[in-house]
Amino acid sequence: MDVFCLPWVEVEPLFHALSRHKTLSHIAISSERGGRGIHDLLDNSLTPIRQSLCFTQLRTLRFKFPSCCINLDNDLLLEAMSSWPHIRMLEFVDPQVIPTVTFRGLSAALRQCPRLHTLDIPLNAVNIDIDPTVESFQHTSLQCLNLTSSHISDAEAVACVIFSMLPSVDRVLPPADQGYKCPSHVCLEVQRHLGSFRAFAGLGRHVTGAASKT
């Protein structure tokens with residue numbers, strides 16, 4: 001189900017109506033800011049993500065509206081991913097969010113959704129709380145990770161975590177023709193470092209393979 005340009009005041013009634021159809025596999029909702037204050041949502045346990053936990057058959061979930069990421073932290077992401085074991089595409093685009101999900105929280109959540117292919121959520125990658133040289137978990141299905149709404153300070157360190165934990169991800173930028181905001185300089189740097197890591201790893205495999213034939 002796709003709903004675009006929905007008036008903000010109608011978002012919550014829509015969730016109420018959708019809750020009667022718990023077998024939905026595709027939900028995409030886009031809205032603009034309306035009259036409701038953000039503090040109303042902060043005091044409301046039925047935030048957009050939490051209201052979607054009942055849709056256990058979801059394959060695609062896309063939210064693009066202000067405050068859709070209210071209360072999204074490591075714990076809520078883990079709860080959500082546990083509720084959506086079949087999810088393949090997950091996108092939360094919130095222009096007002098201050099990211100709180102960390103790489104450690106992301107790692108725990110990804111274990112619950114082995115089929116996830118595309119992910120676009122705001123990450124707090126300023127203080128990296130995972131050591132890629134120690135962490136053994138790898139999620140091999142994820143191929144597209146959009147970091148344009150994430151907070152990043154050390155591009156090389158972020159690229160190192162992605163390269164180690166998400167070996168199939170080769171891009172952290174969205175396609176240029178899909179209406180996303182221009183990526184920041186630091187996102188471009190992450191992409192550059194990720195490309196360098198992959199090129200070096202490919203060269204290493206080539207050298208090792210050549211040596212084994214001699």
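If you read the sequence from its start, that first residue is 1, and numbering goes on from there. All values below were derived from every heavy atom in this structure, side-chain atoms included, with hydrogens, water molecules and symmetry-related copies excluded.
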Give the intermediate values and the outcome of side-chain hydrogen bond (donor to acceptor under 3.5 Å, both in side chains) for residues Gln143 and Ser168.
-> CA-CA 5 Å; Gln143 297 184 24; Ser168 298; 5.8 Å; no
Heavy-atom side-chain contact between [X] and [Y] under 4.5 Å:
X      : Y      : value
Leu72  : Val97  : no
Pro99  : Leu123 : no
Phe197 : Ser164 : no
Leu18  : Phe55  : yes
Cys187 : Leu173 : yes
Arg50  : Leu76  : yes
Glu156 : Cys160 : no
Met165 : Pro132 : no

Between Thr56 and Ser83, is there a donor-acceptor pair closer than 3.5 Å when you use the side chain of the first and the backbone of the second?
->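 Not a single qualifying donor-acceptor pair exists.
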For the side chain of His86 and the backbone of Cys113, is there at least one donor-acceptor N/O pair under 3.5 Å apart?
->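 Absent.
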Please walk me through it: do Phe163 and Leu194 pass side chain to side chain contact (heavy atoms under 4.5 Å, CB included)?
-> CA-CA 7 Å; Phe163 178 73; Leu194 188 59; 3.9 Å; yes
Would Arg171 and Gln191 count as a side chain to side chain contact (heavy atoms under 4.5 Å, CB included) if you check the C-alpha gap in whole Å, the side-chain angles of each, and the deciding distance to 0.1 Å?
-> CA-CA 6 Å; Arg171 283 190 61 81; Gln191 182 65 58; 3.8 Å; yes
Do Asn74 and Thr100 pass the side-chain hydrogen bond (donor to acceptor under 3.5 Å, both in side chains) test, and can you show the C-alpha distance, the side-chain angles, and the key distance before you say yes or no?
-> CA-CA 7 Å; Asn74 290 344; Thr100 59; over 6 Å; no
